[in-house]
S.K.: 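Take a look at the following structure, please.
Quick note on labels: first sequence line is chain A, next is B, and so on, each numbered from 1.
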2 protein chains.
Amino acid sequence: MLTLREAYQSKEFHTPFSPMRAHQPGCLPAYTPVSLADHLDRAPLRGIEAKDHIFTEGDPKLHIYQVVTGAVCLYKVLPDGRRQVIDFAYAGDIIGLGLSDREGYNAQATVATRVTCMPVSALQVIASKDPGIAMRMCEALSEELTAIRDHLVCVVQRSATERLVTFLLALSRRNKARGRDADTLELPMTRTDIGDFLGLTIETVSRTFSKLKALGLIEIDQGTTIRLIGISELIALADGNTSA
Amino acid sequence: MLTLREAYQSKEFHTPFSPMRAHQPGCLPAYTPVSLADHLDRAPLRGIEAKDHIFTEGDPKLHIYQVVTGAVCLYKVLPDGRRQVIDFAYAGDIIGLGLSDREGYNAQATVATRVTCMPVSALQVIASKDPGIAMRMCEALSEELTAIRDHLVCVVQRSATERLVTFLLALSRRNKARGRDADTLELPMTRTDIGDFLGLTIETVSRTFSKLKALGLIEIDQGTTIRLIGISELIALADGNTSA
DNA sequence: CGATTACTTGAGCCTGTTCAACAACCGTGG
DNA sequence: CCACGGTTGTTGAACAGGCTCAAGTAATCG
């Protein structure tokens, strides 16, 4: 399974439609093709302190953001306060794609974070001029859909241990995709965030970490650094081949 | 909350970008603007018998479909057979939007169903000529994302009763949006499908229906026709104002 | 009309929750 | 430097919601 945001890193962030664009009949762009990522790279930077919100549900959607450093927790709350973390966004991930005029969830930095922010109005202008950008947005949205579907299946069908291990393995795969150590994970969020992501209580998350440690499958430093010992056993665990 | 597919019906299915298109600088369409829905309405019809699959996960994605009559169950399965229903698609709903080259889930007709099917290749040609169509696809994808996020929150955070009532109320709202009776629901799927959608066993679904009936909040005819009695009490139940 | 599939209901069990206490960590200020 | 309070994480014990297993009933279809 993909980390929800991992999809964005799984391909070059340049639209595969760009090469075709200039040759579309009836469409003669007089500008230099620029990818979505290019636009975001140029956008102004904004710093957010740990625990501060970038936006909250219901806010008018004014910008889309790309995380430069740090981590962001995207979540929704039910009327009675129950919280569900939809996704985490890490460096490179884009937040807020979509055409609604309101934010559909809350975005809170879990640690000190920097993001670039680009006005949606600008994006709409660009996208309506440039079908390649619009298609790239479709692509990104489809990948987000694929990822959240996988997460839905995971969280609804899997046991506590399977969920947590799936989460760790997704982070590991993400690390590998970035050329970083696949066995060493930094968790830039609290147990509460992880619990609300996986649909578990903080106690169950903690207990499950302890169990994995006792099984010799992971090591934990200061709560936030995880070292994966037996990747293959962990994969088996995640898939319910329950040796424990 | 929206029924997952309801989003598609919540707005006219004509792109709001159409009026702008002819005036885009550098883009001179020499054809009559046609909406995504128009294209789908013209597409050839295909009949599927109850329990037959339209496609399965991993199949090359060749078409997108629009349900004309009947109902379709979209689901994924884990390696060990656990099943999660992602969504149901009813008349008017579009299945398979997105730019992956493979189907990401299974689509099975729950009852005898007719769909129109349009080749994705045709859609890509249209979308790369017509930024309005591409933007309309983005819009549809965002709505699908919003809906699945809501469903994720519901299924992970809510109790069995809350989930089932939320499901019934979504169907009711959908009926109302179509000008049909909001109090009378047809359930064109089995208890197993409902259970796998809500992350519950068939027994719990059945028991919960019985409980709602005992509370006098619904009536059930032949298992498939539900009549909602106390909408306001049901809404309270769905939000966890647990009078039961 | 019998066979099959779908649904309902019951009883006991299990996973993860709740409630509670405790430990570790961290920044602040004396 | 350490004492202190607040936050975050860990662990234990009892509970409960939904699951499993099992039996029985209703609807459907050849």
S.K.: Under 4.0 angstrom, heavy atoms only, what part of the nucleic acid is B/Gly195 near: base, sugar-phosphate, or nothing?
M.R.: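 No contact.
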
S.K.: What is the distance, rounded to the nearest whole Å, between atom NZ of A/Lys51 and atom P of D/dT7?
M.R.: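 Distance check: A/Lys51 NZ to D/dT7 P gives 12 Å.
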
S.K.: Side-chain N or O of B/Thr204 less than 4.0 angstrom from OP1 or OP2 on D/dG18?
M.R.: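 Answer no for this pair, as no side-chain N or O of B/Thr204 is under 4.0 Å from OP1 or OP2.
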
S.K.: Side chain of B/Thr201: nearest nucleotide among D/dC19, C/dG10, C/dC26?
M.R.: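 Between D/dC19, C/dG10, C/dC26, the one nearest the side chain of B/Thr201 would be D/dC19.
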
S.K.: Let me know the distance between CG of B/Leu198 and P of D/dG17, rounded to the nearest Å.
M.R.: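 Between P of D/dG17 and CG of B/Leu198: 18 Å.
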
S.K.: With a 4.0 Å cut-off on N to O distance, would you call B/Arg149 and B/Glu144 a salt bridge?
M.R.: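 A salt bridge is absent here (no side-chain N lies under 4.0 Å from a carboxylate O).
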
S.K.: May I ask you to verify if any side-chain N or O of A/Ser159 is less than 4.0 angstrom from the OP1 or OP2 atom of C/dT15?
M.R.: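 So the side chain of A/Ser159 is outside the cut-off, no N or O lying under 4.0 Å from OP1 or OP2 of C/dT15.
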
S.K.: Tell me the interatomic distance from A/Gln157, atom CD, to C/dT15, atom P, rounded to whole angstroms.
M.R.: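 Taking CD of A/Gln157 and P of C/dT15, I get 17 Å after rounding.
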
S.K.: Let me see the working for B/Lys61 and B/Ser100 under side-chain hydrogen bond (donor to acceptor under 3.5 Å, both in side chains), right down to the final yes or no.
M.R.: CA-CA 7 Å; B/Lys61 178 181 278 185; B/Ser100 160; 5.3 Å; no

S.K.: What's the closest nucleotide to the B/Arg191 side chain, out of D/dC19, C/dC7, D/dT10?
M.R.: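 Among D/dC19, C/dC7, D/dT10, the one nearest the side chain of B/Arg191 is C/dC7.
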
S.K.: Rounded to whole angstroms, how far apart are CD on A/Glu203 and P on C/dG16?
M.R.: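 So the two atoms are 14 Å apart, to the nearest Å.
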
S.K.: So if I take every side-chain heavy atom of A/Leu200 and compare against D/dG18, C/dG16, D/dT28, which nucleotide ends up nearest?
M.R.: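 Of the options given, the side chain of A/Leu200 lies nearest C/dG16.
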
S.K.: Indicate yes or no: does B/Arg227 engage B/Asp181 in a salt bridge with an N to O separation below 4.0 Å.
M.R.: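 Result for this pair is yes, salt bridge flagged.
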
S.K.: Salt bridge between B/Glu57 and B/Lys76, side-chain N to carboxylate O under 4.0 Å?
M.R.: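 Result for this pair is yes, salt bridge flagged.
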
S.K.: Please state how far atom CD1 in A/Ile220 lies from atom C1' in D/dT8, giving the value in whole angstrom units.
M.R.: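 Taking atom C1' of D/dT8 as the reference, CD1 of A/Ile220 is at 14 Å.
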
S.K.: With the side chain of A/Ser206 defined as its heavy atoms from C-beta on, choose the nearest nucleotide among C/dT9, C/dT17, D/dT11.
M.R.: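 Selected nucleotide: D/dT11.
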
S.K.: Kindly point out which of D/dT10, D/dT28, D/dT20 is positioned nearest to the side chain of B/Gln222?
M.R.: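 Given the options D/dT10, D/dT28, D/dT20, the side chain of B/Gln222 is closest to D/dT28.
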
S.K.: Whole Å only: how far is the CZ atom of A/Arg207 from the P atom of D/dA14?
M.R.: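 Roughly 13 Å, once rounded to whole Å.
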
S.K.: Nearest to the B/Ile202 side chain among D/dG9, C/dT8, D/dT20, which nucleotide is it?
M.R.: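 Looking only at heavy atoms from C-beta outward on B/Ile202, the closest nucleotide is C/dT8.
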
S.K.: Starting at atom CG of A/Asp196, determine the distance to atom P of C/dG16, rounded to an integer number of angstrom.
M.R.: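 Checked: the CG to P distance equals 16 Å.
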
S.K.: Given the side-chain rings of B/Phe167 and B/Phe197, with only the six-membered ring counted for Trp, is the space between their centroids under 6.0 Å?
M.R.: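 Ring-ring flag for B/Phe167/B/Phe197: true, centres closer than 6.0 Å.
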
S.K.: Within this structure, what is the CG-to-P distance between B/Asp193 and C/dT5, rounded to whole angstrom?
M.R.: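 About 16 Å, once rounded to whole Å.
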
